[in-house]
Enquirer: 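Pasting a structure below so you can have a look.
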Protein chains: 2
Amino acid sequence: MESQTPVGRKITLNDIAAGCGVSRATVSLVLRGSPLVNKATRARVEEELRRQGYVYNRAAANLRRRTSSSVALVINELANPFFAEFAAGVDETLGAAGFVTLLGSTGDSAEREHAVLGSLIEHGPGGIILSPAEDSEARKVLAAVGTHTPVVLFNRELGGQLPEYAHWDRLMLDNARGARAATEHMIAQGHRHIAFFGGHDHASSTRERHDGYMQAMKAAGLPVETHWRVQSTPTRTDAARAVGELFAGPGAAPTAAVCYNDAVALGLMLGLHQHGRQAGRDFAVTGFDDIAEASMSMPSLTTLSTAPRARGRQAAEMLLARLRDPQAPSGTTVAPVELVVRESSNPLS
Amino acid sequence: MESQTPVGRKITLNDIAAGCGVSRATVSLVLRGSPLVNKATRARVEEELRRQGYVYNRAAANLRRRTSSSVALVINELANPFFAEFAAGVDETLGAAGFVTLLGSTGDSAEREHAVLGSLIEHGPGGIILSPAEDSEARKVLAAVGTHTPVVLFNRELGGQLPEYAHWDRLMLDNARGARAATEHMIAQGHRHIAFFGGHDHASSTRERHDGYMQAMKAAGLPVETHWRVQSTPTRTDAARAVGELFAGPGAAPTAAVCYNDAVALGLMLGLHQHGRQAGRDFAVTGFDDIAEASMSMPSLTTLSTAPRARGRQAAEMLLARLRDPQAPSGTTVAPVELVVRESSNPLS
DNA sequence: TAGTGGATTTGAATCGTTCTAATTTCGCCT
DNA sequence: AGGCGAAATTAGAACGATTCAAATCCACTA
């Protein structure tokens with residue numbers, strides 16, 4: 001094998017064509033595996049491609065063909081393992097389909113999201129997978145991405161109304177059913193005084209989970225005390241701080257809590273000690289997400305598995321399907337979540 | 001404001017030019033903020049741009065200018081919070097400099113890495129930031145990326161020799177010093193039987209950390225049993241699986257373990273239960289990376305802080321500097337790491 | 001020998017932008 | 001009115017691929 005030159009100009013189709021005495025068009029046909037070209041010629045060209053160390057310029061091809069080979073992935077918080085897994089799943093599926101992932105991370109700020117979308121869209125992605133920032137608004141997002149690029153929304157709804165001509169696909173988690181399943185599990189364990197702990201009610205995912213909890217309580221004919229709803233930032237530290245409110249109310253103290261997510265649940269378990277209780281023994285706890293830590297905490301956490309990597313693959317599949325058939329009616333997919341029973345949800349003693 | 005058409009062809013410079021009776025060239029000048037164009041004309045053009053909902057086609061511009069506005073980021077394991085943070089840092093800095101991040105994740109397989117690099121390079125990134133797979137080889141990587149694209153290597157060395165004409169930059173962690181510090185801390189806590197747990201010896205980062213450990217042991221005149229070196233894939237699950245080997249050897253059982261990284265350390269802490277030990281009480285553990293989880297686990301994890309987000313920013317800066325001056329001599333930066341003492345490294349009881 | 005038809009090959013236009021060199025416009029001075 | 005330089009604008013050729021229609025090649029046949 002001849003060595004490719006260590007340094008120099010980029011090799012183009014013209015160089016190859018000149019190098020083996022055929023036309024640019026023929027080389028192009030060889031590259032794309034066309035059956036039109038003669039076997040001998042093909043071999044000659046392929047040898048030359050190798051010899052000169054040719055690398056395909058997909059941008060030029062896309063320009064001519066008015067195609068795209070990329071998809072933008074915009075994540076509100078990449079550092080969160082849930083979203084990192086999601087991103088890995090997206091990239092895996094897109095890569096297998098020959099697409100490259102354009103990454104954008106917004107730090108959960110609608111302002112940065114707007115800037116990031118504006119920058120990504122200029123690179124002409126075939127579509128966008130967007131996990132919106134907390135305060136992201138439909139109108140602004142639409143202004144940034146325009147109406148030519150299909151969008152798959154993940155995990156959260158946007159604020160405000162989306163015009164009816166923008167038919168975007170959605171992939172959401174079954175928040176209500178998940179929270180209801182967790183609550184029913186608590187009830188089956190004999191608990192009657194069950195709190196809903198953590199999250200902020202202005203986020204759609206929190207509201208949905210709280211709704212599921214209320215459904216289960218109502219279906220079982222159980223009353224709900226107002227001080228059993230404690231809000232917090234969905235982080236471990238803030239949850240630990242908020243534990244006091246759970247036992248500060250005038251009515252009966254809860255013996256169990258359905259938590260907004262795993263982070264909050266872990267924080268709650270931590271904070272319980274200071275109130276003379278121990279999760280999994282005299283106070284039952286469930287989470288949401290099944291992050292890696294959930295199976296390793298002490299006690300291990302009963303929670304709802306969301307399989308973020310599978311969700312990533314699914315979101316990518318949805319986008320690919322949309323690219324294949326842009327006219328298909330858009331839809332919302334609600335991914336099921338599964339209750340994983342571990343040690344933290346002890347029966348009422 | 002006139003509404004942009006909800007559907008239709010993509011708007012180009014020609015449309016804008018025709019729309020307000022100037023030439024394509026003038027519109028281009030307006031876009032790029034050239035001082036050459038008359039104030040009134042500029043206003044007219046800008047209005048038209050808005051009216052038609054123009055979006056810039058950066059790919060076409062890059063083609064013409066023989067420029068790139070993207071950087072490829074290839075990560076061996078995105079699901080690991082350490083690398084997720086790193087990726088977030090890279091994206092943050094690249095985005096601020098007007099570059100977009102092309103993401104590739106390899107699942108720590110050299111084969112997939114090769115495919116991913118081959119695909120990414122066709123999109124013409126200005127450079128590549130590569131955190132290599134464990135068994136990645138210099139020769140193969142070079143074949144995939146060619147010699148025209150600058151590379152910043154992060155975290156690990158490649159196997160084999162890199163030809164001298166490929167001068168790639170490197171950003172490494174001070175693995176040896178970090179692991180030595182952790183080991184010395186263990187020794188100061190009174191431990192004498194200290195294992196080195198996790199990772200594979202064929203990866204350079206593992207070897208360096210193991211070297212640091214050995215240095216500390218030797219300096220303290222402590223013997224090392226062969227079964228105190230347990231290898232594993234650097235994931236939590238595989239680490240948990242491998243715990244048995246730690247106590248299976250013929251000689252003395254260790255009372256402490258310096259771990260390859262935090263993921264492995266958390267896995268070890270989990271696995272310890274099944275062997276009747278508890279981390280932070282009768283078995284001391286240290287990690288490496290200081291991922292977010294480390295401070296929240298029970299017990300909290302003594303580890304080496306590597307500030308992955310800052311490392312990501314740093315890697316991006318290195319690449320940007322290289323793009324600014326391709327001729328500058330290439331170099332290796334070794335980022336310091338800092339021992340963070342928490343609960344998991346209990347004194348010998 | 002000329003004609004036929006399938007197999008190959010190729011010239012030239014095109015995608016949306018940039019950039020050079022040239023052209024046009026315009027105010028102002030003599 | 002003519003000339004001049006500065007300011008503003010533009011025509012047209014790139015960039016590196018694809019694609020269509022047209023040209024060429026090459027047995028064979030009549």
Side-chain angles (χ1 to χ4, degrees), chain A residues 8-46 48-49 52-70 98 121-126 146 148-149, chain B residues 8-46 48-49 52-70 98 121-126 146 148-149:
Chain A
R9 221 177 63 281
K10 252 181 195 162
I11 307 300
T12 77
L13 279 199
N14 271 322
D15 300 309
I16 305 301
C20 58
V22 299
S23 79
R24 196 158 73 248
T26 305
V27 182
S28 175
L29 290 175
V30 169
L31 281 180
R32 331 218 13 261
S34 159
L36 289 179
V37 11
N38 181 290
K39 224 164 175 191
T41 318
R42 167 182 308 268
R44 207 146 42 90
V45 170
E46 278 172 345
E48 187 71 10
L49 287 169
Q52 298 205 32
Y54 171 80
V55 341
Y56 188 69
N57 183 334
R58 206 169 285 274
N62 283 334
L63 175 59
R64 172 61 226 254
R65 306 184 54 197
R66 300 147 144 273
T67 3
S68 173
S69 56
S70 60
I121 203 77
E122 294 188 347
H123 290 84
H148 295 304
T149 311
Chain B
R9 222 175 66 279
K10 252 179 195 165
I11 307 300
T12 77
L13 281 198
N14 271 322
D15 300 310
I16 304 300
C20 57
V22 300
S23 81
R24 197 159 74 246
T26 304
V27 182
S28 176
L29 290 176
V30 169
L31 281 180
R32 327 214 18 259
S34 160
L36 289 179
V37 12
N38 180 289
K39 225 163 175 193
T41 319
R42 167 181 309 269
R44 206 146 43 90
V45 170
E46 278 172 346
E48 186 72 10
L49 287 168
Q52 298 204 33
Y54 171 80
V55 341
Y56 188 68
N57 183 334
R58 205 170 285 276
N62 283 333
L63 174 58
R64 171 61 227 250
R65 305 184 54 196
R66 297 146 143 276
T67 312
S68 173
S69 57
S70 61
I121 203 77
E122 294 187 347
H123 289 83
H148 295 304
T149 311

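Below, all heavy atoms of this structure are taken into account, side chains as well, without hydrogens, waters or symmetry copies.
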Enquirer: Within the structure, does a side-chain N or O atom of Arg66(A) lie under 4.0 Å from either OP1 or OP2 of dG16(C)?
Expert: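 Yes.
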Enquirer: What's the separation between atom NE2 in His123(B) and atom OG in Ser70(A), rounded to the nearest 0.5 Å?
Expert: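 Result: 6.0 Å between the selected atoms.
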Enquirer: Whole angstroms only, please: what is the CD1-P distance between Ile16(B) and dG16(C)?
Expert: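 In whole Å, dG16(C) P lies 13 Å from Ile16(B) CD1.
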Enquirer: By the side chain to side chain donor-acceptor pair (under 3.5 Å) test, which pairs, at least two apart or in different chains, include something from residues 28-38 of chain B?
Expert: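 Pairs touching residues 28-38 of chain B that pass the test: none.
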Enquirer: Whole angstrom is fine here: how far is it from CG in Asn14(B) over to P in dC15(C)?
Expert: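 Roughly 9 Å, once rounded to whole Å.
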Enquirer: In this structure, how many angstroms lie between the P atom of dG16(D) and the CD atom of Glu122(B), rounded?
Expert: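 Distance check: Glu122(B) CD to dG16(D) P gives 16 Å.
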Enquirer: Going by distance alone, is a donor N or O of one side chain under 3.5 Å from an acceptor N or O of the other, for Ser69(A) and Asn62(A)?
Expert: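 Checked: Ser69(A)/Asn62(A) side chains pair up, N/O donor to acceptor below 3.5 Å.
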Enquirer: I'd like to know if the side chain of Gln52(A) and the backbone of Asp15(A) have a donor-acceptor N/O pair within less than 3.5 Å.
Expert: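 At least one qualifying donor-acceptor pair exists.
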Enquirer: Taking only the side-chain heavy atoms of Arg64(A) (C-beta and beyond), determine which of dT10(C), dG16(D), dT17(C) contains the nearest atom.
Expert: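 Of the candidates, dG16(D) comes closest.
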Enquirer: Return the nearest nucleotide to the side chain of Leu63(B); candidates are dG16(D), dT9(C), dC19(C).
Expert: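 Out of dG16(D), dT9(C), dC19(C), the nucleotide with an atom closest to Leu63(B)'s side chain is dG16(D).
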Enquirer: Determine, stepwise, if the pair Glu48(B) / Val27(B) fulfils side-chain contact (heavy atoms from CB on, under 4.5 Å).
Expert: CA-CA 10 Å; Glu48(B) 186 72 10; Val27(B) 182; over 6 Å; no
Enquirer: So if I take every side-chain heavy atom of Ser23(A) and compare against dA8(D), dT10(C), dT17(C), which nucleotide ends up nearest?
Expert: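 That would be dT10(C).
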Enquirer: So how far is it from Lys10(A) NZ to Thr149(B) OG1, rounded to the nearest 0.5 Å?
Expert: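 Atom-to-atom, Lys10(A):NZ and Thr149(B):OG1 are 5.5 Å apart.
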Enquirer: Side chain of Arg24(B) only, heavy atoms from C-beta on: which candidate in dT9(C), dA13(D), dG16(D) is closest?
Expert: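 Closest of the options to the side chain of Arg24(B): dA13(D).
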Enquirer: I want to verify a distance call: between dG16(D), dT9(D), dT10(D), whose nearest atom is closest to the Asn57(A) side chain?
Expert: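 Among dG16(D), dT9(D), dT10(D), the one nearest the side chain of Asn57(A) is dG16(D).
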Enquirer: Compare every heavy atom of Leu63(B) with every heavy atom of Ala60(A), then report the nearest pair and how far apart it is.
Expert: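 Here Ala60(A) and Leu63(B) meet closest at CB-CD1, 4.1 Å.
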Enquirer: To the nearest angstrom, how far is Tyr54(B) atom OH from dG16(C) atom P?
Expert: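 Going from OH in Tyr54(B) over to P in dG16(C) covers 10 Å.
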Enquirer: Mind checking Thr12(A) for me? I need base, sugar-phosphate or nothing, with any heavy atom below 4.0 Å counting as a touch.
Expert: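 Contact class for Thr12(A): sugar-phosphate only.
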Enquirer: Which residues in residues 31-40 of chain A have a heavy atom closer than 4.0 Å to any atom of DNA chain D?
Expert: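 Only Arg32(A) qualify.
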Enquirer: Let me know the distance between NE2 of His123(A) and P of dG16(C), rounded to the nearest Å.
Expert: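 Rounded to the whole Å, the gap is 17 Å.
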Enquirer: Whole angstrom is fine here: how far is it from CG in Asn62(A) over to P in dA17(D)?
Expert: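 Rounded to the whole Å, the gap is 12 Å.
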Enquirer: Pick the nucleotide of DNA chain D nearest each of Val22(B) and Ala60(A); which residue has the one closer to the 5' end?
Expert: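 On the 5' side of the pair lies Val22(B).
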Enquirer: Report, one pair per line, the protein and nucleotides 21-26 of chain C atoms (nitrogen or oxygen only) whose separation is under 3.5 Å.
Expert:
none

Enquirer: To the nearest 0.5 Å, tell me how far Ile16(A) CD1 sits from Ser23(A) OG.
Expert: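 The OG atom of Ser23(A) is 13.0 Å from CD1 of Ile16(A), to the nearest 0.5 Å.
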Enquirer: So, is Thr26(B) near the phosphate of dA8(D), with a side-chain N or O under 4.0 Å from OP1 or OP2?
Expert: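 No.
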Enquirer: To the closest 0.5 Å, what do you measure between OH (Tyr54(A)) and CG (Leu31(A))?
Expert: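 Rounded to the nearest 0.5 Å, the OH-CG separation comes to 5.0 Å.
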Enquirer: Rounding to a whole Å, what distance do you find between Leu49(B):CG and dG16(C):C1'?
Expert: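 The answer, rounded to whole Å, is 14 Å.
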Enquirer: Output the distance between atom CG (Asn57(B)) and atom CZ (Arg64(B)), rounded to the nearest 0.5 Å.
Expert: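 The distance works out to 14.5 Å.
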Enquirer: When all nucleic acid strands are considered with a 4.0 Å heavy-atom cut-off, which category describes Ala61(A): base, sugar-phosphate, or nothing?
Expert: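 Touches sugar-phosphate only.
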Enquirer: The side chain of Ser28(A) lies closest to which of these nucleotides: dA8(D), dT18(D), dC15(D)?
Expert: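 The answer is dT18(D), which lies nearest to the side chain.
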Enquirer: In whole angstrom, what separates Leu13(A)'s CG from dT9(C)'s P?
Expert: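 Distance check: Leu13(A) CG to dT9(C) P gives 16 Å.
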